[in-house]
Amino acid sequence: MRLYLVRHPKPLVAAGVCYGSSDIGVDERDTDNVLREVSAKLPKGLDIYSSPLQRCAGLARCLADAFDCVSPVFDERLAEMHFGDWELRAWDDIPRDEIDAWAGDLTMYRPGGGESVTMMAERVLAFYADVLLRRRDAIVVCHAGTIRMLLACQRNDVLGDIALVAARQSMEIGYGEVVVLDPMPPFSDKRKNIA
C-alpha cells in the first residue's frame, strides 16, 4: 500500500507569520502550477483525501477533476496544528517565554492555548489507522506538519513517540511537494487500541 502525500500550494500569507490551522486561500495560478507539477507524479484512479482547509481543498478538487475520479474526502484530522492565540501572528511578535515553554515541552505544550503536538498526533494517527484498514493506495493533500506526523506514524506505534519524532523532525517539505509513504508496516495491536 502506498500513500502519496501532497503539500498544498503556497498560501496567501506574509512570510514569518504563524498560520497553522487558519483557513487561508492560495493564488489560483499557484494551484494551477502545482496541479501541473504533481499530476505527472501521481497515479490516476486513486481515492483522494484532503484537509478541509481551502489551501488543500482547492488542490484536491482540481486533482479529482483532472483525474476524472470521485470527489475528495475532506477529513478534519488532516488539518494543520491549531496554534490558538498564535494564529496569524508574526513569529517575532510571540513572547519569547512562550516559545521557550514550547521548546521545553515539545509534545504536551499547547502553543497559544491551541493544540499540543500530542493532540495533533492522536487525530492524525486515527486517520492513518482508518486509511490503512482500506488497504488501497491513496492521495492525501495536506500540510507540512501533517506530512511529518504521517511519516512518524509509519515508523512508530506509541502515540508519545509519534508526537516526539514529528516535533523533532526538521525535514523541509516544499509547497506542492509529493512525499511517498511506501511500504506501509503492518498494524500492531498497540496501534489498533489507540485508534
Side-chain angles (χ1 to χ4, degrees), residues 3-91 93-94 110-117 119-128 130-131 134 137-151 153 166 171-181:
L3 292 181
Y4 297 87
L5 310 177
V6 182
R7 188 178 182 199
H8 60 78
K10 185 179 185 320
L12 295 169
V13 64
V17 170
C18 173
Y19 58 90
S21 66
S22 295
D23 198 10
I24 299 168
V26 297
D27 186 304
E28 284 184 36
R29 291 171 297 192
D30 286 343
T31 299
D32 292 343
N33 290 337
V34 168
L35 178 64
R36 273 192 302 279
E37 290 175 22
V38 302
S39 291
K41 300 174 186 175
L42 300 172
K44 294 178 175 43
L46 301 184
D47 293 334
I48 300 174
Y49 299 93
S50 176
S51 162
L53 299 179
Q54 62 181 313
R55 59 189 184 265
C56 295
L59 178 60
R61 285 187 191 98
C62 289
L63 282 169
D65 289 345
F67 291 175
D68 196 28
C69 61
V70 298
S71 296
V73 175
F74 298 105
D75 194 317
E76 295 275 341
R77 297 174 296 181
L78 293 170
E80 185 60 275
M81 191 166 132
H82 178 55
F83 285 92
D85 293 340
W86 292 10
E87 293 280 335
L88 300 179
R89 289 178 64 188
W91 285 102
D93 292 342
I94 297 168
R110 297 174 63 188
E115 184 176 34
S116 71
V117 174
M119 292 165 75
M120 181 181 180
E122 188 170 18
R123 65 177 164 81
V124 173
L125 178 58
F127 168 82
Y128 184 79
D130 287 348
V131 81
R134 291 183 178 90
D137 292 356
I139 296 167
V140 180
V141 182
C142 56
H143 311 270
T146 310
I147 291 171
R148 288 186 192 95
M149 197 66 70
L150 286 164
L151 291 169
C153 287
M171 173 185 184
E172 289 292 324
I173 303 166
Y175 296 112
E177 186 172 338
V178 176
V179 177
V180 180
L181 284 186

- Item | Heavy-atom closest contact (Ile48 atom, Cys69 atom, distance) | CD1-SG, 3.7 Å
- Does Glu87 use its side chain to pair, donor to acceptor, with the backbone of Ser21 at less than 3.5 Å? yes
- Flag the pair Val141 / Ser51 as yes when at least one side-chain heavy-atom distance between them is below 4.5 Å, and no otherwise. no
- In sequence, state the C-alpha distance, the side-chain angles, and the governing distance for Val179 and Met171, and then conclude on side-chain contact (heavy atoms from CB on, under 4.5 Å). CA-CA 11 Å; Val179 177; Met171 173 185 184; 4.1 Å; yes
- Value rounded to 0.5 Å, distance of NE2 in His143 from CG in Leu5: 12.5 Å
- Message: If I take atom CZ from residue Phe74 and atom OG from residue Ser50, how far apart are they, to the nearest 0.5 angstrom?
- Response: 5.0 Å
- Query: Does the pair Arg77/Asp130 count as a salt bridge with the N-to-O cut at 4.0 Å?
  - Reply: yes
- Note on the structure: dist Leu3:CG -> Tyr49:OH (nearest 0.5 Å) comes out at 9.0 Å
- Note on the structure: Smallest heavy-atom separation, Pro43 atom then Phe67 atom, equals O-CE1, 3.7 Å
- Message: How about CZ on Arg29, more than 12 heavy atoms from neighbouring residues, nucleotides or ligands closer than 6.0 Å, or not?
- Response: no
- Note on the structure: So CG of Leu35 and CZ of Arg61: to nearest 0.5 Å the spacing works out to 14.0 Å
- Which pair of heavy atoms, one from Cys62 and one from Thr31, lies closest together, and at what distance? SG-CG2, 4.0 Å
- Query: Can Phe127 and Thr146 be said to form a side-chain contact (heavy atoms from CB on, under 4.5 Å), step by step?
  - Reply: CA-CA 11 Å; Phe127 168 82; Thr146 310; over 6 Å; no
- Message: As an exercise, state the distance from CG of Asp137 to CG of Leu42, rounded to the nearest 0.5 Å.
- Response: 11.5 Å
- Message: Less than 4.5 Å apart, side chain to side chain, heavy atoms only: is that true for Pro9 and Leu59?
- Response: yes
- Query: Backbone N or O of Gly145 within a donor-acceptor pair of the Glu80 side chain at under 3.5 Å?
  - Reply: yes
- Item | Residue pair Tyr19 / Leu88, side-chain heavy-atom distance below 4.5 Å | yes
- Message: If you compare all heavy atoms of Ala57 against all heavy atoms of Pro52, which two are closest, and at what distance to 0.1 Å?
- Response: CB-O, 3.8 Å
- Item | By salt bridge (charged side-chain N to carboxylate O under 4.0 Å, His left out) - contacts of Arg123 (at least two apart) | Glu115
- Item | Ser71 OG to Asp47 CG distance, which is reported to the nearest 0.5 Å | 11.5 Å
- Message: Main chain of Ile24, side chain of Ser22: is a donor-acceptor contact present, judged purely on distance under 3.5 Å?
- Response: no
- Message: On a heavy-atom basis, which atom in Gly20 and which in Phe83 lie closest, and how many Å separate them?
- Response: CA-CD1, 3.7 Å
- Minimal non-hydrogen separation, Ile147 against Cys142, with atom names: CG1-SG, 3.6 Å
- Task: Check whether any side-chain N or O of Arg7 sits under 3.5 Å from a backbone N or O of Ile173 as a donor-acceptor pair, and report yes or no.
- Result: yes
- Task: Give a yes or no on whether the backbone of Gln54 and the side-chain of Asp23 come within a donor-acceptor separation of less than 3.5 Å.
- Result: yes
- Start with the C-alpha distance between Leu78 and Cys56, add both sets of side-chain angles, then the distance that settles side-chain contact (heavy atoms from CB on, under 4.5 Å), and finish with yes or no. CA-CA 10 Å; Leu78 293 170; Cys56 295; over 6 Å; no
- Task: Could you walk me through whether Val117 and Met149 pass the side-chain contact (heavy atoms from CB on, under 4.5 Å) test, one step at a time?
- Result: CA-CA 9 Å; Val117 174; Met149 197 66 70; 3.9 Å; yes
- Query: Angle class for the His8/Tyr175 ring planes (parallel below 30°, perpendicular above 60°, tilted otherwise)?
  - Reply: tilted
